[in-house]
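All values below were derived from every heavy atom in this structure, side-chain atoms included, with hydrogens, water molecules and symmetry-related copies excluded. Just so it is clear: chains get the letters A, B, ... in the order the sequence lines come, proteins before strands, and each one is counted from 1.
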Number of protein chains: 2
Amino acid sequence: MAIRTTNTPLLEIELNRLDEKPLQKQLFNQLRDLVLKGRLQPGERLPSTRYLAKELKCSRNTVLGAFDQLLAEGYLEGMTGSGTYISKELPDDMGDFANYSQKRSGQEEQQEGPGFSKRGRELAAMEKRVHRSHPTFAPGTTDAGSFPFPLWARSLARTWRYPKHDILHNPDPCGYIPLRKEIANYLRVSRGLSCSWHQVMITSGAQQAVDLMARLLLDSGDVAWFEEPGYPGLRGPLHSAGVKMVPVPVDEEGLSVTEGKRLAAKARMAVVSPSHQYPLGAVMSLRRRLELLDWAEENNAWILEDDYESEFRFSGKPLSSLQGLESERYGGGKQASRVVYLGSFSKVLFHVLRLGYLVVPENLVEAVASARTLMDERSSLLAQPALADFMAEGHFSSHIRRMRRVYGERQQILVENINRYLSDYLCVSPDAAGLHITAYLTEFAKAKVSDRAIVELADKKDISASPLSLFYSDPKLAKQGLLMGFGGCKPNEIEEGCRKLATVFDQAVYSKK
Amino acid sequence: MAIRTTNTPLLEIELNRLDEKPLQKQLFNQLRDLVLKGRLQPGERLPSTRYLAKELKCSRNTVLGAFDQLLAEGYLEGMTGSGTYISKELPDDMGDFANYSQKRSGQEEQQEGPGFSKRGRELAAMEKRVHRSHPTFAPGTTDAGSFPFPLWARSLARTWRYPKHDILHNPDPCGYIPLRKEIANYLRVSRGLSCSWHQVMITSGAQQAVDLMARLLLDSGDVAWFEEPGYPGLRGPLHSAGVKMVPVPVDEEGLSVTEGKRLAAKARMAVVSPSHQYPLGAVMSLRRRLELLDWAEENNAWILEDDYESEFRFSGKPLSSLQGLESERYGGGKQASRVVYLGSFSKVLFHVLRLGYLVVPENLVEAVASARTLMDERSSLLAQPALADFMAEGHFSSHIRRMRRVYGERQQILVENINRYLSDYLCVSPDAAGLHITAYLTEFAKAKVSDRAIVELADKKDISASPLSLFYSDPKLAKQGLLMGFGGCKPNEIEEGCRKLATVFDQAVYSKK
């Protein structure tokens with residue numbers, strides 16, 4: 001067997017003692033590159049380590065170390081007593097890589113690569129919610145500073161300093177059981193749900209909950225009613241599960257079941273926010289609730305009840321959930337429920353926590369749990385024991401009570417200031433709940449400017465309202481208005497913000513002929 | 001307008017002073033039931049609160065409170081001065097609910113409800129991984145007790161006692177930036193990745209990472225190569241994204257690219273664990289890596305590199321990642337990468353944390369980030385700042401170093417004890433990495449008993465090995481063996497477990513004729 005021992009390419013090796021990379025790593029990299037670029041060919045014999053060390057003016061250990069690594073990674077092969085060779089097991093056309101590589105780096109335009117799937121491209125192209133970097137009037141923002149973080153930090157530290165056996169071992173796919181018990185109690189007492197803790201499943205936020213349910217309950221191509229206007233955060237997971245969303249108009253009684261039937265009588269699911277419709281704030285009337293339950297019953301369809309921001313109700317008593325109403329109607333019997341209830345801790349605690357929950361019908365608990373295990377194992381347990389303590393010790397409900405007062409005042413101040421500074425442009429009435437007000441553009445303002453244009457202009461003045469029209473999927477139905485969040489704004493910021501916004505409107509309206 | 005005032009149904013109301021529910025709530029519930037069951041009809045007038053209080057022997061405030069709630073929920077309507085009525089806005093056929101409800105509760109069999117979608121049923125029916133309640137030999141189990149929880153609790157408390165502005169406001173959808181920087185450094189140094197921190201995206205575990213990528217990069221019906229045998233945890237998310245998995249056999253050099261081409265040359269993705277194939281432990285050879293990169297290049301296909309348990313390598317040097325190799329091959333040029341790299345903290349820290357990461361090609365970062373926002377917003381920030389500190393302070397790498405030693409010893413002890421007690425039944429060689437050993441059934445054992453049968457029997461003796469055949473999708477290809485985890489077993493438990501397992505084999509083999 002004739003073996004070439006060519007040292008020529010090795011002359012290209014240069015070790016740089018000023019480089020922060022160790023010499024061994026430099027040598028490894030350079031030898032590897034010579035192989036990958038085809039300068040050293042499969043079957044070629046390398047000079048001895050002693051020779052190479054002398055040539056490169058480094059210690060023999062450096063060379064041995066680099067060779068070891070190259071052997072381990074399969075670039076080299078050693079035959080005892082007969083030296084070290086470039087691996088014969090490498091593809092024959094290694095030489096092409098060099099040309100290929102050179103050709104590549106010579107090209108001006110960047111190669112695009114395989115790119116997204118159709119589904120991925122659609123997702124990436126979906127209209128984005130407006131994320132602004134300043135908090136004034138940003139919808140959905142909470143007063144994170146009011147959260148009792150020192151208490152929370154203490155709960156966390158207490159859980160994790162010496163974690164209990166139950167926490168580290170045999171975690172339940174549906175979540176930490178003491179937390180699920182606390183949530184079930186809370187929902188029974190505060191939201192009129194009819195559920196046991198077994199039905200409560202912890203998720204990594206409301207969107208993940210929707211994602212899970214869309215994929216377990218619906219097939220790609222299935223139709224779901226979606227409120228028009230509606231919460232964009234739920235569109236992504238539904239869309240990516242292949243669900244066709246049929247926009248169903250909302251009026252002052254909530255989603256119109258009559259319209260839903262007209263548009264898609266045979267839909268497989270209705271996604272609704274009956275307690276406090278997002279973004280318009282309507283409370284679904286009892287009549288509508290019963291109609292909706294009837295429709296679901298007749299069609300064997302699902303109802304996904306998003307109980308969004310229901311904790312922050314300032315006036316009137318909160319209505320019981322659809323989930324509870326359905327159970328009452330069946331006299332608390334054992335009938336299979338059609339309502340999946342969805343809640344989130346993002347607004348009540350702090351939004352970067354990303355913790356939500358589902359209440360699933362009793363007959364589905366086991367199947368949902370095992371399907372969930374396959375899809376995403378379970379949610380992180382990091383927050384769950386601390387949150388269970390936090391709820392059991394009463395910090396949770398006292399925080400809600402405190403914030404309900406704070407947010408109630410802020411809403412009132414916002415409405416007053418809109419009426420004082422912005423009455424020419426915006427028309428507003430108090431909302432019974434939530435963390436934002438939807439203010440409609442007056443006829444006068446509408447004639448001059450669009451909500452999207454105003455939002456763009458306001459953004460330059462550090463004001464982050466959202467355009468109401470953005471929440472519609474059919475531009476023809478879209479009303480013009482602003483979603484103005486007050487959760488994260490102190491009273492003086494609210495007044496200041498309204499004055500600034502008035503200037504923005506003045507300029508937009510009067511700068512035009 | 002003739003108004004019926006019938007008190008008859010009201011005679012059914014009974015308030016129980018021994019019940020823990022307040023009287024007002026009892027009255028509310030019972031009145032609501034009378035409406036829902038049609039005993040009280042739309043338009044009927046209720047007696048005065050004073051009269052009702054007298055009849056029910058309760059305070060008038062109790063009745064007023066219940067009426068208020070019923071008014072708020074839409075069951076009643078009040079006309080000033082003319083009394084309180086059952087709401088006319090309720091559907092006309094309310095009476096039917098009564099029959100319906102009775103019919104329902106009279107039925108023996110439980111109504112099934114709408115049920116899962118086809119996709120959901122398939123997911124729920126997928127073969128489950130064996131989750132056992134005892135840790136001896138359970139694959140994937142770590143020594144959670146060795147984790148420095150007091151340090152971790154301190155990091156958490158420090159982050160959350162007075163959280164920084166950056167943490168609460170304007171979170172990045174890809175994760176906390178200091179953590180992404182730490183991960184990028186770690187991957188560059190330890191795993192030979194070529195990446196900047198922008199490319200690192202934090203996910204809620206490896207499964208969520210796969211889920212995200214499957215949906216962004218593949219369409220429903222697209223084909224992906226999947227290692228045979230392979231990691232079942234990745235099947236769920238791929239399946240639920242509608243991806244068709246083609247099992248591609250694995251040999252001692254890792255996934256066979258030749259077989260993959262033969263079976264599905266035009267696949268859109270290859271899902272591989274080149275550093276340490278799960279469950280067989282093969283390290284993908286350099287030749288195969290280059291072949292795989294070639295195939296992906298030619299077909300414009302994706303490679304999803306699962307760098308599973310790569311941290312725990314006991315012998316030999318770890319091979320650089322495919323992601324790094326691809327970049328080396330292109331001479332570090334700007335070419336779009338085809339490799340998405342996937343890592344997890346579950347094994348290195350503790351598994352209930354559920355934190356993982358992706359390294360995505362640079363040209364996709366922005367699109368992945370915005371698509372991710374739509375699907376699941378972002379991962380919880382609860383752990384991220386604490387983990388960034390933990391890494392920056394060196395606790396992370398010193399924990400890995402310590403555990404590598406611990407696990408290396410445990411593997412050695414396990415192999416010794418298998419050879420001592422189980423050599424008739426199991427045939428094993430040390431694995432260079434990971435937290436489990438795959439022991440093959442000997443010809444003698446195979447003739448008498450299956451791996452699944454042994455696992456069932458062992459479970460009764462509190463031993464939780466997994467059957468190797470479970471990890472194959474084609475039963476004809478399945479080899480018989482046991483996955484024996486050693487991560488969570490102390491040395492004495494390992495010996496004890498092997499002795500017990502030998503008894504299980506003895507009984508299974510010799511009880512049969």
Next on the checklist: Restricting to non-hydrogen atoms, name the atom on A/Ala144 and the atom on B/Leu168 that form the minimum distance, rounded to 0.1 Å.
Outcome noted: CB-CD1, 3.8 Å
Checklist entry - Taking NZ, NE, NH1 and NH2 as the nitrogens, is one of them in B/Arg119 or A/Asp222 under 4.0 Å from a carboxylate oxygen of the other? => result no
Next on the checklist: Please classify the contact of A/Arg268 with chain B as side chain, backbone, both or neither, using a heavy-atom distance under 4.5 Å.
Outcome noted: side chain
Checklist entry - Measuring heavy-atom distances to chain B, does A/Asp211 have an atom under 4.5 Å in its side chain, in its backbone, in both, or in neither? => result side chain
Checklist entry - Is chain A contacted by the side chain of B/Phe116, its backbone, both, or neither, given a heavy-atom distance below 4.5 Å? => result both
Item to check | Segment of A/Val283 engaging chain B (4.5 angstrom heavy-atom cut-off) | outcome: neither
Checklist entry - Quick one: of B/Ala296, B/Gly120, B/Gly145, who has the most non-hydrogen atom pairs under 4.5 Å with chain A? => result B/Gly120
Checklist entry - Given that the side chain runs from C-beta out, which part of A/Ala209 has a heavy atom under 4.5 Å from chain B: side chain, backbone, both or neither? => result neither
Checklist entry - Is it the side chain or the backbone of B/Ser87 that comes within 4.5 Å of chain A heavy atoms, both, or neither? => result neither
Checklist entry - Side chain, backbone, both or neither: which part of A/Thr141 has an atom under 4.5 Å from a heavy atom of chain B? => result neither
Checklist entry - Is it the backbone or the side chain of B/Arg158 that comes under 4.5 Å from a heavy atom of chain A, or both, or neither? => result neither
Checklist entry - Is chain B contacted by the side chain of A/Arg372, its backbone, both, or neither, given a heavy-atom distance below 4.5 Å? => result neither
Item to check | Beyond-backbone contact of A/Arg378 with B/Val352, side-chain heavy atoms, under 4.5 angstrom | outcome: yes
Next on the checklist: Need one label for A/Phe147: side chain, backbone, both or neither, based on atoms under 4.5 Å from any heavy atom in chain B.
Outcome noted: neither
Checklist entry - Parallel, tilted or perpendicular for A/Trp160 and B/Phe149, by the 30°/60° rule? => result parallel
Item to check | Per-residue contact mode, A/Ala383 against chain B (heavy atom under 4.5 angstrom) | outcome: both
Checklist entry - If you count heavy-atom pairs under 4.5 Å between each of B/Ala241, B/Pro171, B/Ser204 and chain A, which one has the most? => result B/Ala241
Checklist entry - Which answer fits A/Ser240, side chain, backbone, both or neither, if we ask what part of it has an atom under 4.5 Å from a heavy atom of chain B? => result both
Checklist outcome for this item: Tested for side chain to side chain contact (heavy atoms under 4.5 Å, CB included) against B/Glu377, the lone hit among A/Gln208, A/Gln207, A/His351 is A/Gln207
